[in-house]
Amino acid sequence: MKAIKLFSGILVIVLLMGACSTIQVATDYDRQVDFNKYKTFAFYKPGIDKAEISDLDIKRILRSIQYELQSRGYQLSENPDILVSIFTKEVDRVNVYNNVGWGWGWYGYPYAGMGYNTISRETEGSLYIDLIDADRKELVWQGKGTGALITNGDLAKKEERIREFVKEILEQFPPVQPATRVAGVSE
């Protein structure tokens, strides 16, 4: 019986840790744009300057974006095809869990006993990465990652979490576009 309780306690902790590390990603893009034409990028300073986070975190995010784009073959350039901008949002969440005790009462009947509340606080952050066509100055792709910012003041964990956010978002870039059909050709 003790082994079952220990195992179930460990399982709950593992599930909670896994739930905290998840990043939900959503992307959108201009379906009329041919993303194959983009080969170079630069950072769009006017947009980045509006991000409401520390300059050090901005640097961490930009380094991660640069790494991810260069690992996909894009080149940093002074005459770019696309401009990269970011912005962030942060929300503090308070979670209240109502727990009810269960057990066996008189004559073997189950009963619900006194419960207790568990309160947890977490900061949830969203990172938006915007890609702008440099010639037209129009947004062509946007990725958003939302998840818990679980760093507890540890800079190594903070940097790892930022890399995780950026990687998860940019895994969706460039978008997989449906093949274009040629008029008059049947399948």
Side-chain angles (χ1 to χ4, degrees), residues 17-96 119-178:
M17 288 175 62
C20 291
S21 66
T22 355
I23 298 170
Q24 290 126 9
V25 175
T27 62
D28 194 9
Y29 65 96
D30 184 341
R31 292 350 180 222
Q32 305 302 313
V33 172
D34 177 14
F35 287 89
N36 293 321
K37 70 180 181 179
Y38 299 125
K39 306 292 183 212
T40 60
F41 72 96
F43 294 106
Y44 185 63
K45 187 165 173 36
I48 292 168
D49 287 343
K50 294 178 184 176
E52 296 180 3
I53 55 175
S54 77
D55 289 346
L56 292 172
D57 283 343
I58 288 173
K59 284 182 184 181
R60 290 178 181 108
I61 292 169
L62 297 183
R63 276 194 299 258
S64 293
I65 291 171
Q66 182 174 339
Y67 173 81
E68 289 297 325
L69 288 177
Q70 287 178 328
S71 70
R72 289 171 173 72
Y74 296 91
Q75 298 293 318
L76 187 61
S77 172
E78 290 189 24
N79 188 21
D81 300 322
I82 53 175
L83 299 169
V84 179
S85 186
I86 63 166
F87 65 97
T88 60
K89 288 185 181 177
E90 194 174 285
V91 176
D92 288 325
R93 300 242 184 250
V94 176
N95 300 310
V96 178
I119 299 173
S120 68
R121 289 182 169 80
E122 68 181 13
T123 302
E124 182 178 86
S126 294
L127 170 63
Y128 293 80
I129 300 175
D130 292 343
L131 300 181
I132 302 161
D133 184 288
D135 292 332
R136 298 180 316 170
K137 303 291 188 263
E138 290 181 5
L139 180 68
V140 293
W141 185 90
Q142 182 178 65
K144 172 188 174 189
T146 302
L149 302 177
I150 49 170
T151 60
N152 299 328
D154 184 336
L155 289 180
K157 285 183 181 179
K158 184 179 207 177
E159 287 182 7
E160 178 59 33
R161 190 66 173 159
I162 287 172
R163 284 192 297 268
E164 188 179 359
F165 261 78
V166 170
K167 183 178 181 179
E168 293 281 327
I169 296 167
L170 288 178
E171 280 182 356
Q172 306 294 318
F173 180 79
V176 178
Q177 295 177 287

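Sequence positions, counted from 1, serve as the residue numbers for this chain. What's counted below: heavy atoms across the whole structure, side chains too, no hydrogens, waters or symmetry copies.
- Side-chain contact between Ile53 and Ile58: present, with at least one pair of heavy atoms (C-beta onward) separated by less than 4.5 Å.
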Next item on the list: Show your working on side chain to side chain contact (heavy atoms under 4.5 Å, CB included) between Ile23 and Thr146 and close with a plain yes or no.
Entry: CA-CA 5 Å; Ile23 298 170; Thr146 302; 6.0 Å; no
Item checked: Verdict with reasoning, Lys144 to Val25, per side chain to side chain contact (heavy atoms under 4.5 Å, CB included) -> CA-CA 6 Å; Lys144 172 188 174 189; Val25 175; over 6 Å; no
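- Atom-to-atom distance recorded for Thr88:OG1 and Asp57:CG is 8.5 Å, nearest 0.5 angstrom.
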Next item on the list: Output, in order, the C-alpha distance, side-chain angles, deciding distance and verdict of side chain to side chain contact (heavy atoms under 4.5 Å, CB included) for Val166 and Gln66.
Entry: CA-CA 10 Å; Val166 170; Gln66 182 174 339; over 6 Å; no
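- Arg163 contributes no side-chain N or O that, together with a main-chain N or O of Lys158, makes up a donor-acceptor pair within less than 3.5 Å.
- Taking every heavy atom of both residues into account, Ala134 and Pro80 meet most closely at CB-O, 3.2 Å.
- Side-chain rings of Phe173 and Tyr29 stay apart, their centers remaining 6.0 Å or farther from each other.
- No side-chain heavy atom of Glu164 sits less than 4.5 Å from a side-chain heavy atom of Glu159.
- Residues Asp28 and Gln142 bring no donor and acceptor atom of their side chains to less than 3.5 Å of each other.
- Tyr44 OH: 12 or fewer foreign heavy atoms inside a 6.0 Å radius.
- Heavy atoms only, all atoms of each residue included: Asp81 and Lys37 are closest at OD2-O, 3.7 Å.
- Cation-pi geometry between Arg161 and Phe165 is not satisfied (NZ or CZ under 6.0 Å from the ring centre, within 45° of the ring normal).
- Separating the NZ atom in Lys59 from the OG atom in Ser64 is a distance of 14.0 Å, to the nearest 0.5 Å.
- Of the possible polar contacts, none joining the Asp130 side chain to the Ile86 backbone as a donor-acceptor pair under 3.5 Å is found.
- Annotation for Asp34: atom CG counts as buried by contact number, over 12 foreign heavy atoms lying within 6.0 Å.
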Margin query: Quick one, Leu139 with Asp30, criterion side chain to side chain contact (heavy atoms under 4.5 Å, CB included). Give me CA distance, side-chain angles, the key distance, then yes/no.
Written below: CA-CA 8 Å; Leu139 180 68; Asp30 184 341; over 6 Å; no
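- You'll find the side chain of Ile65 stays beyond 4.5 Å of the side chain of Gln70, heavy atoms only.
- At a threshold of 4.0 Å, the pair Glu68-Lys167 does not count as salt-bridged, since none of the basic side-chain nitrogens sits closer than that to a carboxylate oxygen.
- Counting heavy atoms from C-beta on, the side chains of Ile61 and Leu127 come closer than 4.5 Å.
- When side chains are defined from C-beta on, Pro175 does not count as touching Thr27, because their heavy atoms never get closer than 4.5 Å.
- The closest side-chain donor-acceptor pair between Asp133 and Tyr38 falls under 3.5 angstrom.
- With values rounded to the nearest 0.5 angstrom, Gln172 atom CD is found 9.5 Å from Leu170 atom CG.
- The distance from atom CG of Leu83 to atom OG of Ser85, rounded to the nearest 0.5 Å, is 9.0 Å.
- Evaluation of the salt bridge (charged side-chain N to carboxylate O under 4.0 Å, His left out) rule for Asp55 yields no partner, not counting sequence neighbours.
- Aromatic rings from Phe41 and Tyr74 are positioned such that their centres are separated by 6.0 Å or more.
- Residue pairs meeting the salt bridge (charged side-chain N to carboxylate O under 4.0 Å, His left out) criterion with at least one member in residues 38-51, sequence neighbours excluded: Lys45-Asp49.
- Among the candidates Leu62, Ile48, Ile129, Leu76, the single residue satisfying the side chain to side chain contact (heavy atoms under 4.5 Å, CB included) test with Val84 is Ile129.
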